[in-house]
Every structure is written in C-alpha cells, then in structure tokens.
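Comments concern the structure below.
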Number of protein chains: 2
Amino acid sequence: MASRPKATILDIAREAGVSKSTVSLVLQGSGLIRPETALKVRKAIEDVGYVYNRGAANLRKAHSNVIGMVINDLTNPFFAEMAVGMERVFQSAGIVPFIANTAENPVRQEEVLKSLMEQGVAGLIVSPARGTTSGAFRRIEMAGLPIVFTMRRLPESRIPVIAPDNHRGAWLATAHLIGKGHRRLVFFGGSSDLVVYHERLGGFREACEALGIAKRDTLVVEGETSRKGGIACLETALAMAEPPSAALCFNDAVAFGVMLALRKRGLEPGADFAVVGFDDVIEAQHYMPALTSVAVDSAGLGERAAHVMLKMIQSRTTRAEDHIGAVNLVVRDSCGPDRRAGVGDAA
Amino acid sequence: MASRPKATILDIAREAGVSKSTVSLVLQGSGLIRPETALKVRKAIEDVGYVYNRGAANLRKAHSNVIGMVINDLTNPFFAEMAVGMERVFQSAGIVPFIANTAENPVRQEEVLKSLMEQGVAGLIVSPARGTTSGAFRRIEMAGLPIVFTMRRLPESRIPVIAPDNHRGAWLATAHLIGKGHRRLVFFGGSSDLVVYHERLGGFREACEALGIAKRDTLVVEGETSRKGGIACLETALAMAEPPSAALCFNDAVAFGVMLALRKRGLEPGADFAVVGFDDVIEAQHYMPALTSVAVDSAGLGERAAHVMLKMIQSRTTRAEDHIGAVNLVVRDSCGPDRRAGVGDAA
DNA sequence: TTGATTTATTGGAACGTTCCATTTATAGGC
DNA sequence: GCCTATAAATGGAACGTTCCAATAAATCAA
C-alpha cells in the first residue's frame, strides 16, 4: 500500500486514450477540448488517483498560486485575527496562503523565508521578528519577489508597510487617561528594537507634553510584550518612590498581565489603577474589568495587506504605497479617575 | 529591477567555472568536492542571488522537507499552542511546517489539502474541520502520503489519531462537580457531528450514572464551540423549569461564554453556578474567577504528533498507533458547592 | 615508467509539466 | 467533389534540478 509510483499525466493519457497535451489542457480548464473528451480525461484522473505536480508545472510557467505569510507570534490572537482577514481575500482570488511562525526568532525567520522562496511562492507577507537585521530581506528583494510588511516596519527599508496608526492610537489613549484626571503616567512594555515601540511611545509622550504633563511625570518601563512582561512592568512601577496612577500598555497582552498583577496585590484594575491596552483583541471585552483598548481592526489590516499583495502580483511590481490604518479608542471599564486627585466621572 | 530572469545552477556553474553537477553537489553539502572549489561555488551563489528551486529538485528526488499542518480554527489559542509544540520538534529535524487554516469549512479544507499535496509535502497533520466527510482523505491515503489526525478523529477512518483522553477528562470533571454537591448537571456546547463530542459527553454521562445522578438530572444542551455558543447554552439552561446548578463545557471557549452570560444576569460564576471547561488554555487561569478546566497539554500533543509524523516519514509507512494523551483536572475557582444543597466546602 | 587506486569533476538522461507549432478531423461554401 | 476555415488533438522541446556512469587528475605501489 505504501507509496506506489505516483501517476502522471502520461498515465492519465494512456488510461483515457489521448495525448499528454490533451490532459494538460483539461487540467487547465481550456475550452479547446471537446466536452466529452474532457469528461473521459477527468474520469481517468479520478481512477488513477492522480495528484497534480505543481513543482513540475512551475518549472514552465513560474506562476504559483501560493503566497507565504510569515508571522512572528502565532499565539498572539491578534495575529490569528489578521491571518483570518487575509485568508478571506486570498481565497476568493484562488490563492492559498501558507502560514509560518517565527516565534520572534530571526534565525528561524531566515529558515522559513528561505523555505518559502524555494517553494516558489508568488509573494510574501511578513510581520518581522524582533531583532530582524535590515539585510534579512535583501535576497528577496533581489529576486524581485513581491513582499509587504504588516504591523511592523524595519528601520530603513523601502518595503511597503500595512500598519495601524500607532502614533495616533497612543495619543488618543493617553489623552483619555489624562482626561480622567491622571497626572503621573507610565508606558508599559515593548523595547526600543521595535519601530512600533517608538511610534506608540512617541504618541504617548507627545500627548503628555501637549496636555501639560511634566516630563518627570511621564514614565517608561520597557518589558516583554506578553502577559509576563506586563506583570513585571507593574512590579517595577509600584516599587517606585512615587508610583504612577495610570498606564498605557504596549499591547493587550501586557495590559492583561498588568491587571493580573494588580489583582494579586489586592488592587482593583480600573478603580485603583487605570490601564489601557493596544490592539483590542477579542479577549479585551471579556476581561473583568473589560479592558479599554485601542482598536486597530486587525482583520481589516489583514485584508488590506492581502489586497496590496494581489495588486503587486498582478502588476508584477515590487513597489506599493504604505497603508496606515485608522484606529479608535474603545472605552470600557479599566480606567477610572485618579483616586488621589478625585477628578473625573465614575468608571 | 522587477523580475530579472532567475539564476539557475547553470549560471552559477558558468560564474564559478565548474560544471552544473559540481554546483549541485555543493548545494547538497556533499563531501566529495574540494573545499576550495566549494568555496568558489558558494561565492558565485551569493553573487548571482541564486534561489534554490525545490520544485525542480523534487522532480528527481521526491523528498521534500515540508509538512503541511491543517488546522480547523487558528483563532482558538488551543491550536496555536499545539502548533508551537509541533514546530519545536520539526525545527530540530530540519523540517518546515506550513500551516493552513480551514476555519471549520470542509470545502476550504478540500482546497487546502489539494494545494498542500500539489506542493509535494512529505506529510500532513490535520485537525479535521467539522462536518468533514469520510471520503475527504481518500485521495491522500491513495497517494500513500503519511497523515495523522490531531484532536479530532473521523467516524470510521483508520488514520492514526493523537488526542487527549476526552472520556476520562470529562469523567474527572463531572466527578468533581458531583463531589461539590451538585445534583443536576448539564453538558454545554458541541454537536453530534464531532466524535470528540461523543467522547466527552460519554464521560459526562457515565460519571453521572456511576455516581448516582438520575438520568433526568443529567442534561445536555448542544451549541457552537465558541464563546457565543456558551452564552446561548446558558440562556436555554436557565430558561428550563428546573435549571441545573453546574455545567461541564465542551471547551474553554464555551465556558468563558457561560461565565460571561452569568455575569450579565447578575450571577456570580463559581458561587451561583459552577462551570468547568475543557482544554485549559492559557486564558483559563487569568479569568475572574479562574476557570477550573481539564488540562490536555496541547503543546505536548503537538510534539507527539510531530514525532509520530517523523517516524512515519522515516519508515515510509502510512500506519501508526493512536496516542491518547493523559489529562488532568486543574481545579481553580469556578466551581463552588451547590447552594441549594448546602453541601461541600467553600470555593 | 606503468598500472592500480583513490579523489574530484563532469556530461547526459530523467523527472512531470506547459506551450508552441503542427497535424488531423469536422464543417461549410461552392 | 474540392478548397478553405475552424475545431480538436498532438509531438517535442524546454524548464532546473539530481544522479549515474564515466572521465580526468592526483596519489601510490611496484
């Protein structure tokens, strides 16, 4: 039963009593073949259990129907949502996306990209792993393969990027916190090797400055962009001589960690300490308290990225416009007023 | 800049002043070539920006290094965890897993499987979409391609399965609830087109029977295996003339939905209504209250599946043993005693 | 030196497709 | 009947690799 010699179009041709060219034509759905002949061929295909060999085909026509999707952290629901958005549009274009996970590991990313290219993908959608060197995509660009970045950009690369308006999102969230009466704020999580980090932190800082928060009252604690990182961030913040009363978190995962750590210390998120997240993953609305977060429409960004990729493939170009997606702050229950100041409305 | 003609080993050969065979040998890391020659070749490879064409190679050697991983719901963190487990072991074997999502859609699944096969994968790890017909994998079996199922099995298929001990897990969870004094229990979520459903429901029923719960006190409410499904389940249960006091949920997503719906009605999960989940995803421990759930070690199952697949590929067989993974109940705060009975300890 | 042995390198056929240029069959016009 | 136009089917070269058998070069034994 194991591995009989695979059937080829020649086997089908023999079985159906036609030539290999005819079989090939049928396979491609050409209208040149008489319907009855096509039927006969299709039956033969079924009978011999034929599997199309795309590798062999690509040897001639070099137009594969798969695109690679390289993601830095599959366990972050945010990326899963984005992936689903992409799949929606690719499906209707007859393209199959293969997803590969890099787990934030540049070495792994290198392997994965290599493998995808060797496989002859038509294009690449990449959310680069942290610490990716700027040369990592040189080979891909050299090969003239369409590529777009999502969510993250590389410092000095000219590869098109599809990402949310991080700066604005952070600005909005920060303004919200300040509006609630908080006067000593902190930015939690992320690290400076990420461009996104600078964008979000920039929005935070500018909002603070614009709305009259003193420099010495706008704090920053770097950390992992995960629940664990959030826990650690809160610990360091509370250990300060003069702790902040509100935090903007790099993403929702960090915010969840912060809320968790607050609870562990007997503090109530929202009432005793305000926290706002970034990304607005589905879980955000289901937490207790529900998390105020910057919605980035991950599925929409995924769709957008897919469309850009499609366009690039069709027009065989390697250039495209950046796309900065709109964001909006979803206010829920995780940011009450600053207790000490006694300003603002109840959560 | 766009799409120059791609370099082939012949271009490299010319560049390096050797034959194509030599280049091929270098590419495969053969020890037969003189180190200096190899170096010269590698330099040429770098210079011309060569990309290996695995499709062409597979035409001859038919041993690809990619395996396909077909998952029914990428947004369920449970599967992402499993995927990560698999990747760990594949990576060290030099195999690249490509992930494809079917979104519980059998038609989509068909397309994805076809594409993966055409791409010449070495094997397939599949968590079948709900409603998959038993014939869906016939072609794959005919082709003698190694395939293993994870998490779900098909009614009468002989394809090896890697899955948790659903029956036992449900039994343990049910016994726990009964031990807490509950006397009228319900099973929430899932539907009978899933084999897993029958396994878990079976464990629930047997435990009820064995531990003296009357048939008319063991209820069942089918529903989607999602948060939304959980919400719906609770609504129907509370609308009953004689509502249950505790629920075993098909999975954690359903349990989260149930807890959410309880809150909306002003009921406290754990105190007013006991709920236990299944899968023990990471979120379970972070919910309020923390969810009691059946841990299935998803990453471990993923690793297991990967190992089985590796073994199948090496021994070029298409058979393998099923593997039923151990489960254990993680008791947290979501199951207090039955209030009405006033039995058992405090949560 | 000559042959035998080992070490490096090479040409050519094969893999399963596509596609162009042909050939063969079918129909239409007179 | 023959010629032309169209429709349907076909053979062969090409795609980029691997691998076998063969050659060329280097080393050794005598």
Side-chain angles (χ1 to χ4, degrees), chain A residues 3-42 44-45 48-66 114-115 117-122 143, chain B residues 3-42 44-45 48-66 114-115 117-122 143:
Chain A
S3 60
R4 82 188 67 198
K6 309 192 201 313
T8 79
I9 50 169
L10 283 132
D11 298 312
I12 298 171
R14 197 178 321 110
E15 182 84 4
V18 298
S19 79
K20 64 177 172 36
S21 305
T22 305
V23 177
S24 176
L25 258 2
V26 172
L27 248 18
Q28 298 171 72
S30 159
L32 287 181
I33 306 294
R34 199 149 41 103
E36 329 154 34
T37 314
L39 214 69
K40 204 167 49 177
V41 171
R42 264 190 272 276
I45 288 177
V48 303
Y50 168 75
V51 179
Y52 183 74
N53 185 334
R54 196 167 293 273
N58 284 347
L59 222 40
R60 286 287 305 191
K61 58 172 174 153
H63 269 334
S64 100
N65 72 146
V66 352
K114 183 152 165 277
S115 206
M117 288 192 75
E118 291 179 359
Q119 219 61 228
V121 297
Chain B
S3 61
R4 83 189 67 202
K6 310 192 198 311
T8 78
I9 51 170
L10 283 128
D11 299 311
I12 298 171
R14 196 177 322 109
E15 182 84 6
V18 298
S19 78
K20 62 176 171 38
S21 305
T22 304
V23 177
S24 176
L25 258 2
V26 172
L27 249 16
Q28 299 171 72
S30 159
L32 286 182
I33 10 129
R34 202 150 38 102
E36 329 155 34
T37 314
L39 213 68
K40 205 169 46 179
V41 171
R42 263 189 273 273
I45 289 178
V48 302
Y50 169 73
V51 178
Y52 182 74
N53 184 333
R54 196 168 294 275
N58 285 348
L59 223 40
R60 286 287 306 190
K61 57 174 173 146
H63 269 334
S64 99
N65 71 148
V66 354
K114 182 150 164 280
S115 205
M117 288 192 75
E118 290 178 359
Q119 218 59 228
V121 297

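A note on names: the letters A, B, ... follow the listed sequences, proteins ahead of strands, and every chain is numbered from 1. None of the values given here were measured: they were computed from a predicted structure.
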Chain A vs DNA chain C, heavy-atom contacts under 4.0 Å, first-to-last nucleotide span, 5' to 3', is dG16(C) to dC19(C)

For Leu59(A), give me all partners under side chain to side chain contact (heavy atoms under 4.5 Å, CB included), at least two apart in sequence or on another chain.
Asn53(B), Ala56(B), Leu59(B)

Examine the side chains of Ser19(B) and Thr22(B) and answer whether a donor and an acceptor come within less than 3.5 Å of each other.
yes

Find the distance Ile9(A):CD1 to dT10(D):P and express it as a whole number of Å.
12 Å

Might you point out which heavy atoms bring Ala38(B) and Val26(B) nearest each other, and give the distance in Å?
CA-CG2, 4.0 Å

Neighbours of DNA chain D within residues 16-25 of chain B, by heavy-atom distance under 4.0 Å:
Lys20(B), Ser21(B), Ser24(B)

Can you check side chain to side chain contact (heavy atoms under 4.5 Å, CB included) on Val66(B) and Gln119(A), steps first, answer last?
CA-CA 9 Å; Val66(B) 354; Gln119(A) 219 61 228; 3.4 Å; yes

Heavy-atom pair with the smallest gap, counting every atom of Ala122(B) and Ser64(B)
N-OG, 3.4 Å

Which angle, to the nearest 10 degrees, lies between the helix axes at the two ends of the helix from dT1(C)-dA30(D) to dC30(C)-dG1(D), each defined by five pairs?
50°

Taking Asp11(A) for its side chain and Thr8(A) for its backbone only, find out whether a donor-acceptor pair lies under 3.5 Å.
yes

Quick test of your reading of the model: are Glu118(A) and Lys114(A) salt-bridged, counting only N-O distances below 4.0 Å?
yes

Within residues 26-34 of chain B, find the residues that approach DNA chain D with a heavy atom at under 4.0 Å, and present them sorted by residue number.
Gln28(B)

Have a look at Tyr52(A) and tell me which of Leu27(A), Ile45(A), Ile9(A) forms a side chain to side chain contact (heavy atoms under 4.5 Å, CB included) with it.
Leu27(A)

Between NZ on residue Lys40(A) and CD1 on residue Ile33(A), distance to nearest 0.5 Å:
10.5 Å

Do any pairs count as a salt bridge (Lys or Arg N to Asp or Glu O under 4.0 Å) and have a residue in residues 56-65 of chain B, sequence neighbours left out, and if so which ones?
none

